[in-house]
Amino acid sequence: MKPYYVVWKGPVHKLSGLGRASRAYAQSLKRQGVAVSIGASNHRINDSQGKKALIYHHIPSSIEWKKERSMYDFIILNTVWETSRTPQSWLSHMNKFDAICVPSQHNKRALMRSGVKVPIFIVPHGVDTKEFHPNNKKMLLPSAAGKFTFVSVFGFQHRKNPEGLLKAYWEEFSSKDNVILVIKTNGYAAQENEKWIQQKIWQYKKRLGIQKDTAPVVILGRHLSESQQKGLYTLADAFVLPTRGEGVGLPFLEALASGVPVIATGWGGQMDFLSPGNSFLIPYQLRSPSSSMNSAISRKFSNLFVQKGQLWAEPDLNSLKKNMRKAYENPELCKRKGLQGRRDVLRLSWDRAGVLMKHAVEEVIGAKKNKDEG
């Protein structure tokens, strides 16, 4: 393979899971010996450095095709999607890329179902098992001391199903149970702060008409330090997220790496690494996202999710209750599943992602070379 150069354009400066994944992908490609410039929009590249490839890790419909095609020999999209089909506005753009990298089988199926014709490569997320591990010091949270602790980590949006999680927990557990639910979440605008999220949740409880003395819920809607974030996972006896759809589900990986079992919906990108051995899986029905939007207590993003033909999972709340109760009553089972999860993710390194992405880039370069020569 002749020398080539990669420019990575993605949300590398964001603190979100997407931002962390973008940084990790680019760095993993560098570690494989690939010349990578991260976030360089106007980088001057010498012809002596070989062919120029752009890896575009943004919404596909936002790319400036004329500009980018004038600068690069190859353009590869790195993307992720959560429902059964991508937004319709993406399709014409996706088929202009030379190839697309996605992190899960779930994503590949969604793209193919949406009409994508260009090559699709699966390049899974990784998890740093040295950073996230069972020996991390637990986050200090006095209200959780001595209690069985459920932890959930998600952005405060409807797709993550905060309604289902809270309803199931409030209905299943009372103050007589020695249990607590700790939710680490975030809004998507300045006013969507911790207090605002807490108000939305307490209003929802009132709307449900739940009168009984329920088990406690702690809402953390502020930024946590790295050590606090790692310690939040090890504080947990079980991680729970009855999501409606994930491209990957980075918190699932981080929980398993921390030796914590997962209670999760059995549909989505997370099913590439979740199993009955490391998780409590919740059955579901596939439904149109529009069917539950009226009950949303958080951001809907309906412009993306309420489109023709899209489906996502509605997890069975009775099963969620039973699985949370089963976890609570069987702490030793939780420990066994957590240990299995830790073993399972040891092979899911970011270096593996770098190897697979390098392979994808070189496949694209080779295919275009053969086409030109033919």
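Everything quoted here is computed from the prediction, not taken from an experiment.
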**Study point:** Qualifying residue for salt bridge (charged side-chain N to carboxylate O under 4.0 Å, His left out) with Glu163, from Lys300, Arg207, Arg244
**Key:** Arg244

Exercise for review: Say whether, by atom type as modelled, one donor and one acceptor occur between the side chain of Ser152 and the main chain of Val240 under 3.5 angstrom.
Suggested key: yes

Practice item. Please identify each residue that fulfils side chain to side chain contact (heavy atoms under 4.5 Å, CB included) with Glu226, with sequence neighbours left out. Key: Glu131, Lys230

Point to revise | Carboxylate-amine/guanidinium proximity below 4.0 Å for Glu192 and Lys200 | key: no

Practice item. Return the orientation label for the Trp267 and Tyr284 ring planes: parallel under 30°, perpendicular over 60°, tilted otherwise. Key: tilted

Practice item. Only pairs at least two apart or in different chains count here, so list each ring-ring contact (aromatic ring centres under 6.0 Å, His included) that has a residue in residues 188-209. Key: Tyr188-Phe301

Review point. Does the distance from a Lys or Arg side-chain N to an Asp or Glu carboxylate O, for Glu172 and Arg325, drop under 4.0 Å?
Key: yes

Exercise for review: Decide yes or no on ring pair (Phe, Tyr, Trp, His ring centres under 6.0 Å) for Phe239 and Phe252, but give the supporting numbers first.
Suggested key: CA-CA 8 Å; Phe239 181 90; Phe252 292 135; 5.8 Å; yes

Point to revise | For Phe150, all residues meeting ring pair (Phe, Tyr, Trp, His ring centres under 6.0 Å), sequence neighbours excluded | key: Phe148, Phe173

**Study point:** Main-chain N/O of Ala236 paired to Thr149 side chain as donor or acceptor, under 3.5 Å
**Key:** no

Point to revise | Minimum heavy-atom distance between Leu356 and Ile122, given as atom pair plus value | key: CD1-O, 4.1 Å

Point to revise | Trp81 ring center near His106 ring center (under 6.0 Å) | key: no

Check your understanding: Going by the angle between their ring planes, with limits at 30° and 60°, are Phe305 and Trp312 parallel, tilted or perpendicular?
Key -> tilted

Review point. Do the rings of His57 and Trp8 sit parallel, tilted or perpendicular, given the 30° and 60° boundaries?
Key: perpendicular

Review point. Can you name the ring pair (Phe, Tyr, Trp, His ring centres under 6.0 Å) partners of His133, sequence neighbours left out?
Key: none

Check your understanding: Should Asp213 and Lys176 count as an ion pair when the cut-off is N to O under 4.0 Å?
Key -> no

**Study point:** Residues forming a ring pair (Phe, Tyr, Trp, His ring centres under 6.0 Å) with Phe280, sequence neighbours excluded
**Key:** none

Point to revise | side chain to side chain contact (heavy atoms under 4.5 Å, CB included) against Arg222, all qualifying residues, sequence neighbours excluded | key: Glu194, Leu220

**Study point:** Glu64, CD atom: more than 12 neighbouring heavy atoms under 6.0 Å
**Key:** no

